[in-house]
Q: 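Below: one structure in structure tokens.
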Amino acid sequence: MTSEVEVVVGRIGRAHGIKGQVAIDLRTDEPARRFVPGASLGLDDGGELEVETVSWHRGRLLLTFAGVPDRTAVEALRGRLLSTRVPVDEQPSEPEEFFDRQLVGMAVLDHAGQGRGIVKEVLHLPAQDVLLVELHSGGEAMVPFVSALVPEVDVDARTVTLADVGGLLEAQ
């Protein structure tokens, strides 16, 4: 039996209309995999919601939940995080993509293969994703997660190797 891990997949946003539809602020790159009718999603207080309907409107994911019949009921849920349980060994749909949980904790190697730090967090900023690296020398550095700066990610070895770019690992 495969062990599972809980991952945050979204945050409940604003109500849409009066019939219980709500916009979801996505925290996953694979919404079609996570948000399907009948899916059970955990709430950040330990509760659970069942997805009833799924639709898209102007690029935003809209859901309704079983037992949440109207705008007033859904507004009470605004801001709550939604999570789901997934197999630990689940892989992203695309070969050159990585789940945050795969990257966090990886050793960060410089271009010469020397350990320089650990990936502490993956930040999803408007321009691009950024690796927040906790440096062995103290402090933190932010490394844009683009192939020109992070040419190699070895999931099996749990390492990310950086390009030879001066100042890339200077503490912020």
Side-chain angles (χ1 to χ4, degrees), residues 1-14 16 20-44 46-66 68 74 77-109 111 117-134 141-163 165 168:
M1 179 182 229
T2 304
S3 59
E4 293 183 325
V5 63
E6 187 167 336
V7 295
V8 173
V9 293
R11 186 177 64 78
I12 299 174
R14 296 187 318 207
H16 181 83
Q21 253 188 342
V22 64
I24 302 298
D25 297 323
L26 295 174
R27 301 286 194 271
T28 178
D29 288 339
E30 300 185 334
R33 198 181 217 185
R34 308 293 179 218
F35 299 100
V36 295
S40 181
L41 301 174
L43 286 169
D44 49 14
E48 216 170 76
L49 291 171
E50 181 183 331
V51 176
E52 196 167 72
T53 65
V54 178
S55 62
W56 289 89
H57 177 70
R58 295 186 181 181
R60 299 222 42 184
L61 176 65
L62 300 177
L63 302 179
T64 59
F65 298 109
V68 184
V74 84
L77 298 171
R78 187 173 184 175
R80 305 286 295 282
L81 293 176
L82 297 168
S83 63
T84 191
R85 299 202 58 79
V86 299
V88 170
D89 58 357
E90 178 183 64
Q91 297 297 313
S93 300
E94 299 295 322
E96 291 298 313
E97 289 185 1
F98 306 95
F99 292 130
D100 291 3
R101 67 181 181 274
Q102 292 174 301
L103 298 169
V104 172
M106 282 189 170
V108 176
L109 309 177
H111 68 283
I118 302 287
V119 176
K120 181 177 179 181
E121 186 177 352
V122 180
L123 306 173
H124 301 283
L125 303 179
Q128 69 218 2
D129 293 342
V130 172
L131 300 178
L132 181 62
V133 178
E134 186 175 326
M142 295 174 70
V143 177
F145 191 41
V146 295
S147 61
L149 299 176
V150 185
E152 184 180 339
V153 176
D154 188 334
V155 175
D156 295 329
R158 305 266 315 127
T159 61
V160 296
T161 302
L162 304 181
V165 176
L168 192 57

Q: What is the distance from atom CD1 of I24 to atom CG of L63, rounded to the nearest 0.5 Å?
A: 4.5 Å
Q: Do P37 and V54 come within less than 4.5 Å of each other through their side chains, counting heavy atoms only?
A: yes
Q: As a quick check of understanding, evaluate side chain to side chain contact (heavy atoms under 4.5 Å, CB included) for V68 and E52, giving each step before the final call.
A: CA-CA 10 Å; V68 184; E52 196 167 72; over 6 Å; no
Q: Taking the side chain as everything from C-beta on, heavy atoms only, tell me whether V122 gets closer than 4.5 Å to L132.
A: no
Q: If you compare all heavy atoms of R158 against all heavy atoms of G105, which two are closest, and at what distance to 0.1 Å?
A: NH2-C, 3.5 Å
Q: Has E90 got a side-chain atom pairing as donor or acceptor with P87's backbone, closer than 3.5 angstrom?
A: no
Q: To the nearest 0.5 Å, what is the distance between OG1 (T64) and CD (E50)?
A: 10.0 Å
Q: Closer than 3.5 angstrom, by distance alone: can the side chain of E48 be matched with the main-chain N or O of G46 as a donor-acceptor pair?
A: no
Q: On a heavy-atom basis, which atom in R14 and which in R78 lie closest, and how many Å separate them?
A: CG-NH2, 2.9 Å
Q: Mind checking the CZ-CD1 spacing from R80 to I12? Nearest 0.5 Å is all I need.
A: 7.0 Å
Q: Quick one, V155 and M106 - any side-chain contact, counting heavy atoms below 4.5 Å?
A: yes
Q: Are any side-chain N or O atoms of Q128 and backbone N or O atoms of V146, one a donor and one an acceptor, separated by less than 3.5 Å?
A: no
Q: Quick one: CZ on R60 to CD on Q21, what's the gap to the nearest 0.5 Å?
A: 12.0 Å
Q: Only one of L125, V130, V153 clears side chain to side chain contact (heavy atoms under 4.5 Å, CB included) with F145; which?
A: V153
Q: Find the distance between CZ (R33) and OG1 (T84) and round it off to the nearest 0.5 Å.
A: 11.0 Å
